[in-house]
2 protein chains.
Amino acid sequence: MTPAPKPPMRDTLVAAALQLFTEHGFEQTTVDDIVALAGVGRRSFFRYFPSKESVVFPDHEGCLRRMTEFLADPAGDAADPVDRVNDAARLVLRMYTGDPEFSVRRYELTRQVPALRAHELSVVRRYERTLANYLRARFAARADGRLRADVIAAAVVAAHNHALRTWLRSAASIDPEAEVDHALEYVTATWSDREDGEAADGTGPADDVVVMVARRGTPMWRVVQGVQGVLE
Amino acid sequence: MTPAPKPPMRDTLVAAALQLFTEHGFEQTTVDDIVALAGVGRRSFFRYFPSKESVVFPDHEGCLRRMTEFLADPAGDAADPVDRVNDAARLVLRMYTGDPEFSVRRYELTRQVPALRAHELSVVRRYERTLANYLRARFAARADGRLRADVIAAAVVAAHNHALRTWLRSAASIDPEAEVDHALEYVTATWSDREDGEAADGTGPADDVVVMVARRGTPMWRVVQGVQGVLE
DNA sequence: GCCCTCAGGGTACTCAGTTCCCGCCGAAAA
DNA sequence: TTTTCGGCGGGAACTGAGTACCCTGAGGGC
């Protein structure tokens with residue numbers, strides 16, 4: 001019978017802040033303006049948000065927690081580590097697509113306010129470190145495992161954010177899942193240990209033999225391109 | 001005949017700030033403390049540094065400018081793009097190795113002060129965007145060129161920073177160049193267009209033909225590993 | 001002499017973020 | 001019903017970063 005099981009004051013503050021930020025700009029809006037519009041005390045703002053910037057990213061704490069729980073689930077230990085990290089990144093995408101209007105407004109705002117970009121960077125960094133720490137554990141036995149983990153985590157985050165921004169720039173009019181899948185495939189194709197044959201779409205027996213002929217000195221990207229062209 | 005061609009006040013401020021930060025901590029030190037120790041006015045501090053954090057990274061502006069100039073030099077247009085951004089990243093390494101004591105002190109400081117970590121993030125981000133923009137131009141004609149540029153730039157920065165931090169953690173006692181070369185090779189081997197044969201050590205004619213046999217469904221990293229094993 | 005420029009200094013202000021304390025309200029105990 | 005208690009929300013005052021404005025004084029050209 002409780003229409004608002006979550007405390008509404010937090011949401012009220014977010015709505016008031018976003019409205020004022022988009023109307024008058026981030027720097028021009030003071031915290032006093034926000035709490036005046038929300039009809040609460042100034043003290044309450046900092047009870048819910050540690051800084052003026054964080055009110056623009058109200059759901060990242062929860063998303064980071066979900067990502068940590070997802071990666072800690074032992075049910076995923078059998079999966080390919082890079083696939084696992086990609087799925088973890090998709091949790092972030094889902095948070096954005098869960099409220100497209102808010103996400104697009106936030107994107108426009110963040111794009112033109114340096115303080116918000118800086119705050120977003122530290123948020124993204126925490127995702128990246130979460131992914132990297134997971135990969136470090138999975139690659140512990142591998143040579144250069146920590147380096148590999150850091151590079152792959154950075155690549156996954158970069159690919160995810162590239163696709164996410166493409167979707168946001170389109171005003172949420174394209175298919176975000178397809179965009180992210182395509183971008184993450186760029187990373188997976190190169191770094192994953194996954195056996196693609198198992199999950200293939202059946203356009204050929206899994207044990208076909210493919211022969212790739214290359215001249216010594218051929219750039220690696222061209223080899224990959226050639227093999228991909230044959231395998232797909 | 002000028003013993004200090006550069007204004008010494010800037011260096012005085014940096015030295016005073018670093019001393020107070022390491023002695024009493026970053027948050028505990030106020031800008032007034034810094035200018036009092038440096039013997040200058042408070043106003044002068046903000047004439048040289050836009051924020052309290054930026055005094056810890058006094059040389060990044062110049063390094064970013066050098067990187068931009070380096071990438072704008074048309075002499076490099078013939079080189080492989082990934083090699084080019086790797087060399088650009090090495091400019092940053094050289095700035096750190098140019099003053100190892102300062103770099104190690106800054107690393108210790110940054111490691112335990114969230115505000116400094118956030119500021120470093122925005123600095124690193126500018127390097128990454130500079131590299132990505134260069135690669136975007138070089139990959140303009142390629143399919144998914146922008147995605148590729150963003151992912152490679154992120155991977156290069158991650159590899160560089162991984163090696164840099166390894167060196168800093170060692171208290172500058174290991175060979176930083178070798179560490180970075182090794183880390184960047186991780187990225188180059190996968191993404192570069194460079195013709196390895198040309199620069200090979202002559203263990204075979206450049207136009208040997210290599211045959212790589214793979215089963216359909218073989219993971220791409222295993223294909224790359226196999227081809228690399230034959231080509232090297 | 002005068003005027004112009006400009007690096008540096010000082011003062012006062014805004015506002016984010018913190019600290020401390022108070023009032024309110026609902027629940028449980030007496 | 002009254003008392004006590006605990007937690008949420010409010011308010012006042014404080015610290016300190018960053019900014020705006022104006023002053024001074026040293027050079028440098030005329």
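As the structure is a computational prediction, the values presented were derived from the model and not from experiment. Chain identifiers are assigned alphabetically (A, B, ...) following the order of the sequence lines, protein sequences preceding nucleic acid strands; residue numbering begins at 1 within each chain.
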Check the pair A:R126 / A:E61 against side-chain contact (heavy atoms from CB on, under 4.5 Å), numbers first and verdict last. CA-CA 10 Å; A:R126 295 175 64 189; A:E61 287 302 320; 2.8 Å; yes
Mind running side-chain contact (heavy atoms from CB on, under 4.5 Å) on B:L116 and B:L109 for me, showing each step along the way? CA-CA 8 Å; B:L116 291 180; B:L109 205 54; 3.9 Å; yes
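Atom CD of B:Q28 is separated from atom C1' of C:dT18 by 14 Å (rounded to the nearest Å). Note: CZ (B:F46) to P (C:dC13) measures 18 Å, nearest angstrom. Distance NZ (B:K52) to P (D:dG16): 9 Å, rounded to an integer number of Å.
For the pair B:R90 and B:F70, the cation does not sit on the ring face, since its NZ or CZ is not both under 6.0 Å from the ring centre and inside 45° of the axis. Judged by the 6.0 Å and 45° rule, A:R105 forms no cation-pi pair with A:F21.
Considering only the side chain of B:D32, D:dA17 comes nearest among C:dA16, C:dG17, D:dA17. In the set D:dG16, D:dG18, C:dG17, D:dG18 carries the atom at the smallest distance from any side-chain atom of B:E53.
OP1 or OP2 of D:dC8 has not a single side-chain nitrogen or oxygen of A:Y48 nearer than 4.0 Å.
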All N/O pairs under 3.5 Å across the protein-nucleotides 20-27 of chain D interface:
{"unit_1": "D:dC21", "atom_1": "N4", "unit_2": "B:R43", "atom_2": "NE", "d": "3.2"}

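Checked by distance alone, A:R47 brings no side-chain donor or acceptor within 3.5 Å of a matching partner on the base of D:dG7. Looking at A:R42, its side chain comes within 3.5 Å of the base of C:dG17 through a donor and an acceptor atom.
Using a 4.0 Å heavy-atom distance criterion, B:S54 is classed as making no nucleic acid contact.
Of the charged side-chain nitrogens involved, none lies within less than 4.0 Å of a carboxylate oxygen, so that A:R66 and A:E69 do not count as a salt-bridged pair.
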